[in-house]
Number of protein chains: 2
Amino acid sequence: MEDQTFRDFFLGFIKIHILYHASREPVYGQEFADELRRHGYTVSFGTLYPIFHRLQQKGFLIVTHKNIKGKIRKYYTITREGKKILKEAKRKAAELVDELHEN
Amino acid sequence: MEDQTFRDFFLGFIKIHILYHASREPVYGQEFADELRRHGYTVSFGTLYPIFHRLQQKGFLIVTHKNIKGKIRKYYTITREGKKILKEAKRKAAELVDELHEN
DNA sequence: TATATTGATATCAAATTCCGATATCGATAT
DNA sequence: ATATCGATATCGGAATTTGATATCAATATA
């Protein structure tokens, strides 16, 4: 179960995942797609890269280029602003889970 | 803190909230907007109503019209299909929260 | 009888986002 | 030269989001 009729439910989750990982260590797109797949999310690069770009453009991530064996990788790291959103996301996600488990 | 630079992070949360409430009792738009506001989400009716419509169209909700003191209300209730998504959402949300709280 | 009010849903057009497919990039291997 | 490899970028069509505005049906009021 994971298809196009309800992917939009989880796009926010994916964005939060990105912020979280980028708060722990620099992340780049290709690797992150695998990480997401491991968590059961499927997302194409046509979706993923623009998300990275927007998060950067909005000031939640910063990027550094790294040349790895001749391949350019763009590593993203969270910013102070990004951390604020992440914190808010943490709170809201916890609240959601609590509510979902009320009797 | 809750503005248009990161609303998209939480639109999925809102949709899950809808499914959850519609699994407990019939819900309608106007009332639900208040409920969301209580939870710290701001969303206009131009966003909210189309979400209800799509959830219904995709078979996750069913609607019944009720005439309350002359005002028509559209009460939405979750379907079997909707419950499946809700269950999946519950699992994914819990997983997200767990991950966010890892050291 | 008209019209204002009230609680509610519907829809519009512009902007943004999503998506799969396809292109591109830079270095190394053949 | 060109094929391959790991990676990022972008295209155009579709779908979603948004604030603003319209509409609806009944009742209250003038």
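In what follows, every chain begins at residue 1, and chains take the letters A, B, ... in the order their sequences are listed.
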Of D8(A) and I72(A), whose closest DNA chain C nucleotide lies nearer the 5' terminus? D8(A)

Distance check: side-chain N/O of [X] vs OP1/OP2 of [N], anything under 4.0 Å?
X: K74(A); N: dA9(D); answer: yes
X: R54(A); N: dC18(C); answer: yes
X: T47(A); N: dC19(C); answer: yes
X: K71(B); N: dT27(D); answer: no
X: R7(A); N: dC18(C); answer: no
X: S44(A); N: dG20(C); answer: yes
X: K58(B); N: dT16(D); answer: yes
X: Y28(A); N: dA7(D); answer: yes

Per [X] side chain, nearest of listed nucleotides [options]:
X: L11(B); options: dT17(D), dA9(D), dG26(C); value: dT17(D)
X: Q30(B); options: dA10(C), dA8(C), dT8(D); value: dA8(C)
X: Y49(A); options: dA9(D), dA26(D), dG19(D); value: dA9(D)
X: I51(B); options: dT17(D), dA25(D), dT9(C); value: dT17(D)

Can you tell me the distance, in whole Å, between the [atom1] atom of [X] and the [atom2] atom of [N]?
X: K69(B); N: dT6(C); atom1: NZ; atom2: P; answer: 14 Å
X: R73(B); N: dT23(D); atom1: CZ; atom2: C1'; answer: 19 Å
X: Y41(B); N: dT17(D); atom1: OH; atom2: C1'; answer: 17 Å
X: F32(B); N: dT9(C); atom1: CZ; atom2: C1'; answer: 16 Å
X: L48(B); N: dG19(D); atom1: CG; atom2: C1'; answer: 14 Å
X: F13(A); N: dC18(C); atom1: CZ; atom2: P; answer: 15 Å
X: L55(B); N: dT9(C); atom1: CG; atom2: C1'; answer: 16 Å
X: F45(B); N: dG19(D); atom1: CZ; atom2: C1'; answer: 13 Å

Which part of the nucleic acid, if any, lies within contact of [X], taking any heavy atom under 4.0 Å across all strands shown: a base, the sugar-phosphate backbone alone, or nothing?
X: G46(A); value: base
X: F52(B); value: nothing
X: K15(B); value: sugar-phosphate
X: I68(A); value: nothing

N/O donor-acceptor pair under 3.5 Å between T79(B) side chain and F60(B) backbone: yes

Do any N or O atoms from the side chain of Y75(A) and from the backbone of H65(A) form a donor-acceptor pair under 3.5 angstrom? no

Do F45(A) and Q30(A) have side-chain heavy atoms sitting under 4.5 Å apart? yes

Check: F52(B) ring centre within less than 6.0 Å of Y76(B) ring centre: yes

E88(B) and K84(B) ion-paired at < 4.0 Å: no

Which sits closer to the 5' end of DNA chain D, Y75(A) or V43(B), going by the nucleotide each is nearest to? Y75(A)

Euclidean distance, F10(B) CZ relative to H17(B) NE2, rounded to 0.5 Å: 10.5 Å

